[in-house]
2 protein chains.
Amino acid sequence: MSDLKPRPRTRIQRQNRDAILEAALEVFSAQGFRGATLDQIAAAASLSKPNVLYYFASKEAIHLALLGGLMDSWLAPLRALDPAGEPLAEILGYVRRKVEMSRDFPRESRLFANEILQGAPRMLDAIEGELKTLVDEKAAVIRAWGAAGRIAAVDPYHLIFSIWALTQHYADFDVQVRAVLGPGHDPFAEAGQFIEELFTRLLAPDARAH
Amino acid sequence: MSDLKPRPRTRIQRQNRDAILEAALEVFSAQGFRGATLDQIAAAASLSKPNVLYYFASKEAIHLALLGGLMDSWLAPLRALDPAGEPLAEILGYVRRKVEMSRDFPRESRLFANEILQGAPRMLDAIEGELKTLVDEKAAVIRAWGAAGRIAAVDPYHLIFSIWALTQHYADFDVQVRAVLGPGHDPFAEAGQFIEELFTRLLAPDARAH
DNA sequence: CCTGAGACTGACCGTATGGTCAAACATCAA
DNA sequence: TTGATGTTTGACCATACGGTCAGTCTCAGG
């Protein structure tokens with residue numbers, strides 16, 4: 001039952017697979033799937049093109065390997081939202097984790113964005129399955145918090161969407177943000193503060209829903 | 001001095017140019033620049049490939065024609081924000097216009113998103129010029145409103161970014177939003193309500209900045 | 001009905017790109 | 001040293017794609 005997914009065995013295999021995935025992340029996230037070429041990936045990984053294809057069956061296989069690893073780490077911050085915790089602190093904690101992910105893994109965010117933009121041809125299953133399930137679960141928790149008056153009663157789905165939108169925007173539209181702000185700014189630090197304040201005011205339990 | 005930009009003269013030229021741009025918008029927004037092919041565009045426009053190239057010098061020229069027309073219509077909603085108006089109403093009006101744009105022109109939004117994701121290679125000038133200028137101008141207006149206590153004093157740049165992020169998210173990540181919500185929803189209608197409420201609570205002048 | 005500018009097309013070209021393969025090379029246990 | 005296994009590569013292939021061109025067709029104005 002072990003070794004179902006045959007892991008790379010030798011040291012060289014592990015090294016080269018990692019180098020290829022790292023290079024592919026760089027290239028795919030910047031150029032999109034069709035925009036990226038095997039030559040670019042090979043060059044970025046300091047390998048020859050045939051050698052890249054020795055480790056991965058095809059360009060598509062590399063892309064799938066990246067996307068496969070992505071969904072889990074993407075869901076982790078939401079998964080960590082604790083139904084037993086203090087509502088506002090839990091949601092703000094989620095926000096902070098998402099801001100940190102955008103800051104620390106912008107390439108992954110852009111890879112994801114590229115995929116969804118093209119209609120998620122290789123991720124729809126994961127989105128309709130894993131992701132929807134988790135969101136449904138956490139949305140129920142947030143709704144209960146609202147019903148209990150512990151936070152303002154807002155639509156939990158759109159609350160989650162808005163957290164995604166705001167945090168990922170700073171990774172995906174990085175060039176635009178920096179171009180508009182000009183030099184001398186730390187977009188992610190400012191964004192973190194702004195977004196936390198935004199949700200604090202939105203969710204303050206004394207705010208009455210109409 | 002007239003006719004600097006030679007407009008299409010004949011009826012056929014106007015028709016076919018429009019058909020090509022419409023088809024190209026469809027294809028570019030769904031596939032990105034490199035993902036799109038002239039054959040796809042030609043097929044979508046019901047023209048032969050050489051005929052498409054009879055109207056536009058190259059694939060790039062079609063793309064540029066689309067992007068060129070885009071920036072103006074993209075800035076219009078912000079441009080309409082009136083410094084002499086009632087602050088909260090002005091900002092909520094801007095929000096509503098952006099939501100409507102996402103709802104009515106999702107392909108344009110995705111075309112824009114694709115471009116920025118790839119580092120805005122063909123739009124950086126417009127972003128650092130036109131767009132930054134306009135944002136600087138309106139940010140000053142909003143900052144003045146905050147300083148005067150007519151709305152909460154929040155960072156105007158990140159306020160604008162957050163409006164962009166929230167509204168465009170529903171166009172750009174449409175498939176994800178619909179997949180998570182499931183059937184029986186009108187994402188844009190719900191988003192409009194949610195986002196307006198969010199900014200209303202954020203900007204309520206009685207909310208004290210710390 | 002002519003005619004010429006405008007509109008259109010099939011056939012073609014050069015290059016880029018994903019992928020293959022046979023052979024060479026490296027590594028290491030026996 | 002040797003053989004076996006794992007690794008690497010240059011040369012090559014088929015296709016897709018952006019773009020060209022010579023020539024044909026269309027149609028509005030005279």
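Sequence lines set the chain letters: A, B, ... in the order given, protein chains first and strands last, and positions in each chain run from 1.
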Please state how far atom [atom1] in [X] lies from atom [atom2] in [N], giving the value in whole angstrom units.
{"X": "B/F33", "N": "D/dC17", "atom1": "CZ", "atom2": "C1'", "result": "12 Å"}
{"X": "B/N51", "N": "D/dT26", "atom1": "CG", "atom2": "C1'", "result": "12 Å"}
{"X": "B/L38", "N": "D/dT20", "atom1": "CG", "atom2": "P", "result": "11 Å"}
{"X": "A/Y54", "N": "D/dT8", "atom1": "OH", "atom2": "P", "result": "8 Å"}
{"X": "A/L53", "N": "D/dG6", "atom1": "CG", "atom2": "P", "result": "19 Å"}
{"X": "A/L47", "N": "D/dT8", "atom1": "CG", "atom2": "C1'", "result": "9 Å"}
{"X": "A/I41", "N": "C/dA16", "atom1": "CD1", "atom2": "P", "result": "18 Å"}
{"X": "A/F56", "N": "D/dT7", "atom1": "CZ", "atom2": "P", "result": "13 Å"}

Query raised in the report: Is A/A42 touching bases, backbone alone, or none of the nucleic acid, heavy atoms closer than 4.0 Å?
Result: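 A/A42: no heavy atom of the nucleic acid under 4.0 Å.
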
Query raised in the report: Which part of the nucleic acid, if any, lies within reach of A/A36 when heavy atoms closer than 4.0 Å are counted: base, sugar-phosphate only, or nothing?
Result: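 Sugar-phosphate, no base atom in range.
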
Query raised in the report: Between OG of A/S73 and CZ of A/F112, what distance do you get to the nearest 0.5 Å?
Result: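 Between atom OG of A/S73 and atom CZ of A/F112 there are 10.0 Å.
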
Query raised in the report: Nearest 0.5 Å, what's the CG-CD1 distance between A/L166 and A/I195?
Result: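 Reported value, rounded in 0.5 Å steps: 5.0 Å.
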
**Report entry** C/dT9 OP1/OP2 closer than 4.0 Å to side-chain N/O of B/S48
**Finding:**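 Answer yes for this pair, as a side-chain N or O of B/S48 is under 4.0 Å from OP1 or OP2.
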
Query raised in the report: Are B/R34 and D/dC17 close enough that a side-chain N or O sits under 4.0 Å from OP1 or OP2?
Result: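 The answer is no; no side-chain N or O of B/R34 sits under 4.0 Å from OP1 or OP2.
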
Query - Residue mapping more 5' on DNA chain D - nearest nucleotide basis, B/A57 or A/N16 - result: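 Residue closer to the 5' terminus by nearest nucleotide: A/N16.
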
Query raised in the report: Considering heavy-atom distances to DNA chain D, does B/I12 or B/P50 have its closest nucleotide positioned more toward the 5' end?
Result: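 Nearest-nucleotide comparison on DNA chain D picks B/P50.
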
Query raised in the report: Does A/K49 get its side chain close enough to the base of C/dG18, under 3.5 Å, for a donor-acceptor pair?
Result: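 Yes, a donor-acceptor pair under 3.5 Å.
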
Report task. Identify which nucleotide among D/dG19, C/dA7, D/dG6 has an atom closest to any side-chain atom of A/Q13, counting heavy atoms from C-beta outward. Result ->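 Given the options D/dG19, C/dA7, D/dG6, the side chain of A/Q13 is closest to D/dG6.
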
Query raised in the report: Quick check: does any side chain N or O of A/E90 sit under 3.5 Å from a backbone N or O of A/D82, one acting as donor and the other as acceptor?
Result: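 Flag set: sc A/E90 to bb A/D82 pair under 3.5 Å.
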
Query raised in the report: Does A/E137 come within less than 4.0 Å of A/R79, counting only side-chain N to carboxylate O?
Result: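 The answer is no: the pair does not qualify as a salt bridge.
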
Query raised in the report: For B/F28, is the NZ or CZ atom of B/K59 found under 6.0 angstrom from the centre of its six-membered ring and inside 45 degrees of the ring axis?
Result: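 No, B/K59 and B/F28 do not form such a contact.
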
